[in-house]
Amino acid sequence: MSFAAEFDSLPLRALASRSFGASVATARESLEQSTLSLHDFAHLISPAAVELLEPMSRRAQQLTRQRFGKVIRLFAPLYLSNECINNCKYCGFSRDNAILRVTLSVEEVRREAQALLDQGFRNILLVAGEHPKFVSNDYLRQCIAALHEHVPSVSLEVGPMETADYQPLVAAGADGLVVYQETYDRNVYAEMHTAGPKRNFNWRLETPERAYAAGFRRLGISPLYGLADWRYEALSVAAHAQYLLRNCWKAYVTISLTRLRPCAGEFQPLTHIGDRDLVQLMCAFRLMFPDVGLVLSTRETPKMRNGLIPLGITMLSAGSHTEPGGYTGAGRDHLHQTQRGRIVAIESSSEWAPTPEHPTLATEQFHIADERSPHEVAEQIRRLGYEPVWKDWDMALTS
Ligand code: SF4
């Protein structure tokens, strides 16, 4: 049975209410369990469990050191294209946003990857909006093949596909797939996704399973905190991770802690998850899933990222650009706008037109909060007593 088929029968709303009503004593009992159930997880993310944040952090730290050692894996996103056929209210790349768009050529992608290799990265996440015309499967396959020889670990965060369409991408050298459900609340999901194939909630929810069937061996999932109640989202993604660990057992599962950031369109978060909530949530994830990778991006501030490193984070992005061409300026000479799938040139009189004084790049997906260079992030990781690791996977290990 797929996770989508199981999802609606899970008591996630009841667990979210249970979380609100939990007492400190119940949360303490859950903290003492060696294996946690979803009920225990609900208690650990409860308002009452805030009082237990110290013992929770200690235990999360211990578990992480036991299972992962004192290492933090670094990766960088490489945006291939900001074309998209979907309208997602919270995303700057939405098709109705009049932004500067571009799809990098394979040669430009190679240059961007070289810039990341020069900074030390060996683990690259290729990101693109969903647009079959500009971001075809064959284009993705060519990009992966171009990078495969020099980049040991290539993951994808692109529009969901059928298993058969994923297979050539795995064969070309991609090993990981990241797909955020954005929100596990069906009503909010319908409200946020107003046009395009992304409107299909179940199709997206089943994506990690199709990716696994195609041969991907690293699966990343997450909601985007800020759209629905964070406790409900956390319980849902925990249930999703449980399902993947049971059914896609050869895969290494990661959960991201992703909060909404400002973007083109200036969408404001609908719900709030505070810094302390995020710390509590991260500790609860670690206690529930001792072996799952926990990922934090440059959406979070340096202070928050530094603070979470010793508690259980295992992967960090660094020095990120969220626009295609952000690392080298690639694509600058073929920027355009896109209307109804058609490229529209930018008039020189347009407010968008680049000038020698303002050589514009494509529009970014969101503004990052940690602008430190990868080198500075690596130094900070060392200062905290951890080892930054640039390469965390090798296809040779799985063959
Ligand atoms: S979130 Fe993804 S699918 Fe939605 S508009 Fe942005 S790039 Fe497109």
Side-chain angles (χ1 to χ4, degrees), residues 71-82 102-128 135 139-158 168-178 216-218 220 252 254 256 293 295-299 305 309 313-334 361-362 364-365 368 370-382 386-399:
V71 296
I72 297 290
R73 294 175 162 78
L74 291 168
F75 73 99
L78 193 172
Y79 278 67
L80 306 175
S81 171
N82 60 355
V102 77
T103 301
L104 301 182
S105 69
V106 176
E107 190 41 47
E108 287 169 337
V109 172
R110 210 192 302 264
R111 267 166 42 207
E112 288 276 287
Q114 188 56 53
L116 291 171
L117 285 165
D118 292 346
Q119 294 183 59
F121 290 106
R122 297 291 179 272
N123 186 358
I124 294 180
L125 174 68
L126 299 182
V127 186
V135 187
Y139 165 76
L140 288 172
R141 189 194 55 74
Q142 288 178 43
C143 291
I144 297 161
L147 267 48
H148 182 50
E149 197 186 327
H150 305 288
V151 185
S153 176
V154 177
S155 304
L156 303 178
E157 189 178 342
V158 298
L169 307 184
V170 174
D175 54 63
L177 189 103
V178 174
F216 282 102
R217 287 298 173 260
R218 289 189 298 144
Y252 174 58
T254 60
S256 302
V295 185
L296 201 60
S297 76
T298 50
R299 288 171 181 264
R305 278 159 49 98
I309 286 173
I313 288 299
T314 54
M315 278 185 86
L316 282 181
S317 52
S320 303
H321 281 270
T322 70
E323 71 277 30
Y327 300 107
T328 62
R332 197 175 262 168
D333 55 354
H334 50 116
L361 283 175
E364 62 185 2
Q365 189 177 29
I368 62 169
D370 183 351
E371 297 189 342
R372 292 174 297 178
S373 70
H375 175 75
E376 287 171 314
V377 173
E379 273 309 301
Q380 180 60 41
I381 292 171
R382 282 195 197 93
Y386 286 71
E387 186 57 32
V389 172
W390 301 89
K391 173 183 170 182
D392 78 331
W393 190 262
D394 199 315
M395 286 300 271
L397 299 175
T398 58
S399 55

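Just so you know, these numbers come straight off a predicted model, no measurement behind them.
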Is [X] reaching over with its side chain to a backbone N or O of [Y], donor-acceptor style, under 3.5 angstrom?
X: Asn82; Y: Val102; result: yes
X: Ser317; Y: Thr298; result: yes
X: Glu112; Y: Tyr327; result: yes

What are the two closest non-hydrogen atoms of [X] and [Y], and how far apart are they?
X: Tyr386; Y: Val71; result: CD2-N, 3.8 Å
X: Cys143; Y: Val109; result: SG-CG2, 4.0 Å
X: Phe121; Y: Pro374; result: CE1-CG, 3.6 Å
X: Gly120; Y: Trp390; result: O-CB, 3.2 Å

Do [X] and [Y] come close enough that some side-chain heavy atom pair is under 4.5 Å?
X: Leu74; Y: Ile381; value: yes
X: Leu80; Y: Leu104; value: no
X: Val135; Y: Leu140; value: yes
X: Thr254; Y: Val178; value: no
X: His321; Y: Leu361; value: no
X: Ile72; Y: Met315; value: no

Contacts of Phe75 that satisfy ring pair (Phe, Tyr, Trp, His ring centres under 6.0 Å) - sequence neighbours left out: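 With neighbours one apart ignored, the set is empty.
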Residues forming a ring pair (Phe, Tyr, Trp, His ring centres under 6.0 Å) with Tyr139, sequence neighbours excluded: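 For Tyr139 there are no ring pair (Phe, Tyr, Trp, His ring centres under 6.0 Å) partners, ignoring immediate neighbours.
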Separation between [atom1] of [X] and [atom2] of [Y], rounded to the nearest 0.5 Å:
X: Leu116; Y: Ser320; atom1: CG; atom2: OG; answer: 9.0 Å
X: Asp370; Y: Glu376; atom1: CG; atom2: CD; answer: 9.0 Å
X: Ser153; Y: Arg73; atom1: OG; atom2: CZ; answer: 10.5 Å
X: Arg110; Y: Leu147; atom1: CZ; atom2: CG; answer: 8.0 Å
X: Ser155; Y: Leu177; atom1: OG; atom2: CG; answer: 8.0 Å
X: Arg382; Y: Glu387; atom1: CZ; atom2: CD; answer: 5.5 Å

By salt bridge (charged side-chain N to carboxylate O under 4.0 Å, His left out) - contacts of Glu149 (at least two apart):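 Glu149 satisfies salt bridge (charged side-chain N to carboxylate O under 4.0 Å, His left out) with no residue once adjacent residues are dropped.
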Basic-acidic side-chain contact under 4.0 Å: Asp175, Arg217: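 Here Asp175 does not pair with Arg217 in a salt bridge, since their nearest N and O are not under 4.0 Å apart.
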Charged N-O contact under 4.0 Å between Arg111 and Glu108: no
Residues Arg305, Gln380; criterion side chain to side chain contact (heavy atoms under 4.5 Å, CB included); working and verdict: CA-CA 10 Å; Arg305 278 159 49 98; Gln380 180 60 41; over 6 Å; no
